[in-house]
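The block underneath contains the structure these notes are about, expressed in structure tokens.
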There are 2 protein chains.
Amino acid sequence: MPPTPRRSTILEVARLAGASKTSVSRYFGEERDRLSPSLQARIAHAAGTLGYQPNQMARGLKGGRSKLLGMLVADIRNPFSVAITHGVEQACRQYGYSLVVCNTDNDPEQERQHLDLLGAYQVEGLVVNASGSPERQLHTFISQGTPIVLLDREVDHVEAEVVGLDNHLAIDMALEHLVDQGYQAVLYVSEAPQQSSTRQKRLARFNHTTEQLGLIHSSSLLANSDGTATLQALSDFLATHQQHACAVLCGNGNATLTVTRLFQQLDLSLGKIGLMGIDELEWCALISPGITTLAQPTDAMGKTAVQCLMHRIAPHASSMPAALSFSPTLIERGSTQR
Amino acid sequence: MPPTPRRSTILEVARLAGASKTSVSRYFGEERDRLSPSLQARIAHAAGTLGYQPNQMARGLKGGRSKLLGMLVADIRNPFSVAITHGVEQACRQYGYSLVVCNTDNDPEQERQHLDLLGAYQVEGLVVNASGSPERQLHTFISQGTPIVLLDREVDHVEAEVVGLDNHLAIDMALEHLVDQGYQAVLYVSEAPQQSSTRQKRLARFNHTTEQLGLIHSSSLLANSDGTATLQALSDFLATHQQHACAVLCGNGNATLTVTRLFQQLDLSLGKIGLMGIDELEWCALISPGITTLAQPTDAMGKTAVQCLMHRIAPHASSMPAALSFSPTLIERGSTQR
DNA sequence: CTGAAAGCGCTTACAG
DNA sequence: CTGAAAGCGCTTACAG
């Protein structure tokens, strides 16, 4: 094999520019101004000729700044996660950081491994959308002074900022809308709440507010995405309360997807039986007459998470965000029109 | 501020274990077997006590192996890209690599910057789903011996393996299906093909095969996602050929989304006017009577891309994949049932 | 089987 | 304004 041409190093640039490594380093660091114009020009030229780019590994090693942020995502194929990730990535770039995204596919073991790995790459901060409760790993980061922000889900015994939807508000807005539209009985469909503080909160709030409003209510948990248990629950609910105007409220995008399928299986007409979901999905407008949703401001949430981190990494670069809890936006469509 | 507790280093572990740095390094590298059981035990214990984890930055610097792969994605919010990214990430993990994902939002400038950055982090290989033609940057990688694999789209003047769908086959399968179902006139809707070899190939093949089969055909390019031009094209097409059985073939998921909206605007009944799309999306089954699609084997494609890279990085770890071009799967639904 | 030492490509006091 | 030198945390010949 022919010897592979290597990336050029700071030493080569220095030599070609007739300067010291120190100066070249300064040129590519924050101290370019300290260099005389002529030195700057020589270095610029030499670097250009050699196609030089500082090695971030070396930089990180010596300076202690990897310029890397890590993000742990529970399920990268979930549209909500995709949207958030997009926001986080944008924000990172804005602060001059790169992002290492790790998907755990909701597997606690993968989650732990990824977290260790992120540590090994010396990420300077971490956005965590947890699937399990990787307490030990997170505490390791915290005790080393690496800031962490939790996204959407809290983690037991881990104290960190939590960026997410105002779940109480979301449920209340949904129920208020359903009541306004004249529905009298509401079935709440959610994925299994264990492991997700968000799901727990939404479910609890559903029970709370629904009691308070005097609404007929019930709930069903999705078992393993097949939805057969919920099919049963749904038809029972409708049968029991057929003298009332019934609606289904879905706790997140996945629930909306499953329930929409069930509506089709049962040949229910959207609107006559109300349907509403938390999370806006691209197809919600397409299922005629449209599915009413509560959209989350995902870009803002992603940006806020990064801002939290940056505030702790480099307090001068970013102020603490004003709020970590976000309001949803009601997108009204035919599915809640009786 | 209190001094932040740092990560422990190899030296600390060595001291605590009463061993040399060399041995600790061996323990965490590929040479653990060379150590006596008792030494291994001491090191394991010391490392456990200190919560030691090798610093990947330092490892990469000295050993030249960052254990990092880079991936450039043109549009991370596109479901096809998400699916591919998922496959790539899974495969990375399998080979013990981590993945840095960079999204360019279809912006050539961001693309160039990200590529430079990926270089700075010494990625050992690169999966590129290009949005522009970052020839210079890619050549830099190539000339340094960093393997590259192109995903879905070719890049002018860059010689590298291309992993993607067999576009000719896909178009032919689609047209064959439409003919079988009795459609006689087909309108092809695609996003603007410049910058995407895939779009070009599909469009060209559409014209070719359609001629050959003697089908009435036309095509329309989506302008800026609003679809108004295509709305016009569609109604014209239908008006002109109303004595024939008409169908629309969508070049990718975005086209399918837009055209589905147009069908609703024009109040066309699916099936009577045929509709079919390349790319399977989660909602295609939900728009009754279901939209017929050609699904891409995204996980396999992602894995294959990584396998290509690994074969070049560590020939012993992976053989060259047998094929880089994949066949789609026809998912037949009501939208192509007259 | 084990270790001392050199060096990967940078940054950062320190000195002038 | 500029540079020589030490050192970040590792790996890898080299030696025994």
Side-chain angles (χ1 to χ4, degrees), chain A residues 3-44 46-47 50-68 117 119-124 144, chain B residues 4-43 46-47 50-68 117 119-124 144:
Chain A
T4 330
R6 304 161 8 278
R7 312 190 139 253
S8 53
T9 69
I10 202 172
L11 184 61
E12 297 170 293
V13 177
R15 277 211 258 266
L16 184 58
S20 68
K21 290 194 306 172
T22 308
S23 295
V24 178
S25 173
R26 290 205 173 106
Y27 181 84
F28 285 96
E30 322 270 65
E31 315 184 76
R32 188 174 297 190
D33 319 327
R34 288 176 48 179
L35 273 31
S36 68
S38 91
L39 222 203
Q40 287 191 35
R42 270 148 53 213
I43 293 176
L50 297 173
Y52 172 73
Q53 262 200 211
N55 179 329
Q56 284 291 350
M57 294 273 161
R59 267 183 144 164
L61 185 57
K62 179 59 190 165
R65 327 272 344 255
S66 64
K67 285 283 182 179
L68 235 35
L117 218 57
Y121 283 106
Q122 314 282 111
V123 296
E124 294 181 45
Q144 283 162 172
Chain B
T4 330
R6 307 160 9 275
R7 311 191 139 252
S8 53
T9 71
I10 200 170
L11 184 60
E12 297 169 292
V13 177
R15 277 210 259 265
L16 184 58
S20 67
K21 289 195 307 175
T22 308
S23 295
V24 179
S25 174
R26 289 204 174 107
Y27 182 84
F28 284 97
E30 321 269 66
E31 315 182 77
R32 185 174 298 189
D33 319 326
R34 287 175 50 178
L35 272 32
S36 67
S38 91
L39 222 203
Q40 287 191 34
R42 270 147 55 213
I43 293 175
L50 297 173
Y52 172 72
Q53 262 200 215
N55 179 328
Q56 284 291 349
M57 294 273 162
R59 267 184 144 163
L61 185 57
K62 178 58 190 166
R65 327 272 343 256
S66 65
K67 285 283 182 178
L68 235 34
L117 218 57
Y121 282 105
Q122 314 284 110
V123 296
E124 295 182 42
Q144 283 162 172

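What you see is a predicted model; the values in this text were computed from it and never measured. A note on names: the letters A, B, ... follow the listed sequences, proteins ahead of strands, and every chain is numbered from 1.
- For D:dG3, the OP1/OP2 oxygens have no side-chain nitrogen or oxygen of A:Thr22 closer than 4.0 Å.
- The nearest whole Å value for the distance from the CD1 atom in B:Ile43 to the P atom in D:dC10 is 13 Å.
- A donor and an acceptor atom, one from each side chain of B:Ser25 and B:Thr22, are nowhere located under 3.5 Å apart.
- You'll find that the side chain of A:Lys62 is closest to C:dT12, out of C:dT12, D:dT12, D:dG9.
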Given pairs defined as Watson-Crick or G-U wobble with both distances under 3.5 Å, what dot-bracket annotation applies to DNA chain C, with ( ) intrastrand, [ ] crossing, | other strand and . unpaired? |||.||||||||.|||
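- If you take CG of A:Leu61 and C1' of C:dT12, they are 13 Å apart, rounded to a whole angstrom.
- Each of B:Arg59 and A:Gln40 was assigned the nucleotide of DNA chain D with the nearest heavy atom; the assignment lying further toward the 5' end belongs to A:Gln40.
- Judged by distance alone, with hydrogens and angles left aside, A:Arg7 brings no side-chain donor or acceptor close enough to the base of C:dG9 to form a pair under 3.5 Å.
- A:Gln122 places no side-chain N or O within donor-acceptor distance of the main-chain N or O of B:Gln56, the cut-off being under 3.5 Å.
- In this entry the distance linking CE of B:Met57 with P of C:dC8 reads 19 Å, nearest Å.
- Nearest approach of B:Leu68 to B:Tyr121, heavy atoms of both residues: CD2-O, 3.9 Å.
- Shortest non-hydrogen contact noted between A:Gln53 and B:Gly119 is NE2-C, 4.2 Å.
- When each of D:dG9, D:dC14, C:dA13 is scored by its nearest atom to the side-chain atoms of B:Thr9, the top-ranked nucleotide is D:dG9.
- Here B:Tyr52 lies in heavy-atom contact (under 4.0 Å) with sugar-phosphate atoms only.
- In terms of phosphate contacts, A:Tyr121 brings no side-chain nitrogen or oxygen within less than 4.0 Å of OP1 or OP2 of D:dG9.
- Between B:Gln122 atom CD and C:dC8 atom P there is a gap of 14 Å when expressed in whole angstrom units.
- Nearest to the side chain of A:Leu39, among C:dC8, C:dC10, D:dT2, sits D:dT2.
- Spacing between atom CD of A:Gln56 and atom C1' of C:dC8 amounts to 16 Å, rounded to whole angstrom units.
- Contact between A:Ile43 and A:Phe28 at its shortest, heavy atoms only, is CG2-CE1, 4.4 Å.
- When the C1' atom of C:dG3 is taken as reference, atom CZ of B:Arg42 falls 12 Å away, rounded to whole Å.
- Closest approach to the A:Ala58 side chain among C:dG9, D:dT11, D:dG9 is made by C:dG9 (side chain taken as heavy atoms from C-beta onward).
- In terms of phosphate contacts, B:Arg34 brings no side-chain nitrogen or oxygen within less than 4.0 Å of OP1 or OP2 of C:dC1.
- For A:Lys21, counting side-chain heavy atoms from C-beta on, the closest listed nucleotide (D:dG9, C:dT11, D:dT11) is C:dT11.
- The CD atom of B:Glu31 sits 7 Å away from the P atom of D:dT12 (whole-angstrom rounding).
- Using a distance-only test at 3.5 Å, with no hydrogens or angles considered, a donor-acceptor pair links the side chain of A:Arg42 to the main chain of A:Ala17.
- At D:dT2, one or more side-chain N or O atoms of A:Ser36 fall inside 4.0 Å of OP1 or OP2 (strictly under the cut-off).
- Residue contacts for A:Leu35: at a heavy-atom cut-off of 4.0 Å it reaches the sugar-phosphate backbone alone, with no base atom in range.
- For B:Ser23, whose side chain is taken as the heavy atoms from C-beta onward, the closest listed nucleotide among D:dT11, C:dG9, C:dT2 is C:dT2.
- Judged by distance alone, the side chain of B:Gln40 and the main-chain N or O of B:Tyr27 form no donor-acceptor pair under 3.5 Å.
- Scanning all heavy atoms of the two residues, the minimum distance from B:Ala120 to A:Pro54 falls at CB-O, 3.5 Å.
- Rounding to whole angstrom units, CZ of residue A:Arg32 and P of D:dT2 are separated by 14 Å.
- Listed pair B:Ser20 / C:dA4 fails the phosphate criterion, with no side-chain N or O lying under 4.0 Å from OP1 or OP2.
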